[in-house]
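For reference, the structure I am asking about is given below.
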Amino acid sequence: MLLKQAFLYGITGKDDIGIIGSTDILAADQACVDLIYLLPADQRRDIVERIESRLSLHQLEYMETLGMGGRE
């Protein structure tokens, strides 16, 4: 069984915010984004700016269109 793991350590310059594991690649990626958006505004500002300025959320939408997993 493959296990998707996304390590979020250090992306915000702050403490580790967790490890996500799933056999559903899209669910794992969505969970990572959800964790980022749950951070206090001052801690998430830079990473959210990068996500939104590069239209990264469209990648998740397209993955769902391709049937690569679920976002919920």
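Quantities reported herein were computed from a predicted structural model and do not represent experimental measurements.
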key: More than 12 heavy atoms from other groups under 6.0 Å of OH on Y62   =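 Counting other residues, nucleotides and ligands, OH of Y62 stays at 12 neighbours or fewer.
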
inquiry  = Under 4.5 Å between side-chain heavy atoms, counting indirect links through other Ile/Leu/Val/Met/Phe/Trp/Tyr residues: same cluster for L66 and L57 or not?
reply    =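 Looking at the clustering, L57 is in the same group as L66.
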
message = As an exercise, state the distance from CE of M63 to CD1 of I25, rounded to the nearest 0.5 Å.
response =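 Atom-to-atom, M63:CE and I25:CD1 are 4.5 Å apart.
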
task = Might you point out which heavy atoms bring I36 and I47 nearest each other, and give the distance in Å?
result =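 Nearest pair, atom of I36 first, then I47: CG2-CG2, 3.4 Å.
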
message = Could you measure the distance from the CG atom of D29 to the CG atom of D34? Nearest 0.5 Å is fine.
response =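 Those atoms lie 11.0 Å apart.
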
query = To the nearest 0.5 Å, how far apart are CG in L60 and OG1 in T65?
reply =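 Answer rounded to 0.5 Å: 11.0 Å.
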
inquiry  = If I take atom CD from residue Q30 and atom CZ from residue R71, how far apart are they, to the nearest 0.5 angstrom?
reply    =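 So the gap between those two atoms works out to 4.5 Å.
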
query = Is the number of heavy atoms from other residues, nucleotides or ligands within 6.0 Å of CD (E61) greater than 12?
reply =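 Above 12, so yes.
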
ask   = So, for G69 and L26, which heavy atoms are closest and what is the spacing to 0.1 Å?
value =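 Residues G69 and L26, closest heavy atoms: O-CD2, 3.3 Å.
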
key: Atom pair CZ (R50) and CZ (R45), whose distance is rounded to the nearest 0.5 Å   =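 With rounding to 0.5 Å, CZ (R50) is 15.5 Å from CZ (R45).
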
key: Separation of R54 CZ from Q59 CD (nearest 0.5 Å)   =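 Spacing of CD (Q59) from CZ (R54) equals 13.0 Å.
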
ask   = Shortest non-hydrogen contact from G70 to D24?
value =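 Taking G70 first and D24 second, the nearest heavy atoms are N-OD2, 3.1 Å.
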
key: Taking every non-hydrogen atom, the tightest pair across R44 and L39   =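 Heavy atoms of R44 and L39 come nearest at NH1-O, 2.6 Å.
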
